[in-house]
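From a predicted model like this one, the values you see are computed outputs, not experimental measurements.
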Amino acid sequence: MAVWGDFCRSVRLLLGQVQRQGICAVNRVGISNNPARSMSQAAPQTEPMCDDNEHVSPKIVNRNPRNLEQMAIAVKDRGWGDTWPSRHYYHRLVFSRSQHHVTAQVFAAGVDQPVVSCSTQEWAVKRELASTRCVSACQAVGAVLAQRCREAGLQRVSFRALPWEFRSQAVQKFWTAMKEGGITLNEPRRRYA
């Protein structure tokens, strides 16, 4: 083993001397003063070209209208203190039961048209149910609405039922189906930045 180590060391010394002699010979001729450049033939570096697409604007424009809402710093409309239901929400869930059907809708603040809705009047929901008004219909509407809310990107909605309505089994099954569907039924408190 000692012979092999001596042999490797000798070869390294010999290669180092050959390399140094080649650099000194090039320096004597005057081709290059930089020994690293004389051994390699690297291409000259050019100035990178600036394209208009790579220009960074100093002005930032928020193109996601729900960005501030998701960070809970967007302005909520407070409305009057004595109005019912309160207008202090980003998205409000409205659950209603009529004589024949169950309907649930999610409204954005200040908008009259629902963002997402589900009802037992829809054929896809109605054909799976025995009755369009029973407790299982409320649970089915809650599950379908939760899926549609997740597809629309709504994770949190404000749901405030009247206390005497919330005690009913149908409303509680709807509430449970929405929670199991991954929707949080209260919104975060607004942070003031």
Would you say that K126 contacts Q121 through its side chain, given a criterion of any heavy-atom pair below 4.5 Å between the two side chains?
no

Kindly assign one of parallel, tilted or perpendicular to the pair F159 and F95, based on the angle between their ring planes and the thresholds 30° and 60°.
perpendicular

Main-chain N/O of T184 paired to R156 side chain as donor or acceptor, under 3.5 Å
no

R92 side chain to V157 main-chain N or O, any donor-acceptor pair under 3.5 Å?
no

Pair S119, H101: side-chain N/O donor-acceptor within cut-off below 3.5 Å
no

Working to the nearest 0.5 Å, report the span between CD of Q169 and OG1 of T176.
10.0 Å

CA sep, side-chain torsions, deciding dist, call: E187, R160, salt bridge (charged side-chain N to carboxylate O under 4.0 Å, His left out):
CA-CA 11 Å; E187 290 186 338; R160 296 200 180 144; over 6 Å; no

Minimum heavy-atom separation for V125 to L129, with atom names?
O-CG, 3.4 Å

Distance in Å, R97 CZ paired with T120 OG1, rounded so as to fall on 0.5 Å steps
10.5 Å

Closest non-hydrogen atom pair between F107 and D112, with its separation:
CE2-O, 3.1 Å

Same cluster for V171 and V94 if Ile/Leu/Val/Met/Phe/Trp/Tyr side chains link at under 4.5 Å?
no

Rounded distance (nearest 0.5 Å) linking atom CZ of F174 with atom NZ of K179:
12.5 Å

Can you tell me how far apart CG (L93) and CD1 (I183) are? Round to the nearest 0.5 Å.
9.5 Å

Determine the minimum heavy-atom distance between S117 and E122, stating which atoms define it.
O-OE2, 3.9 Å

Between V106 and C149 the two heavy atoms that sit nearest each other are CG2-SG, 3.8 Å

Should the heavy atoms of other residues, nucleotides or ligands under 6.0 Å from CD of E151 be counted, would the total exceed 12?
yes

Nearest 0.5 angstrom please: Q105 CD to C118 SG, how far?
10.0 Å

Closest non-hydrogen contact found for G142 with M178 is O-SD, 3.2 Å

Using 0.5 Å steps for rounding, measure from the OG atom of S158 to the CG atom of L185.
9.0 Å

Taking all non-hydrogen atoms of both residues, which atom of V115 and which atom of L154 are closest, and how far apart?
CG1-CD1, 4.4 Å

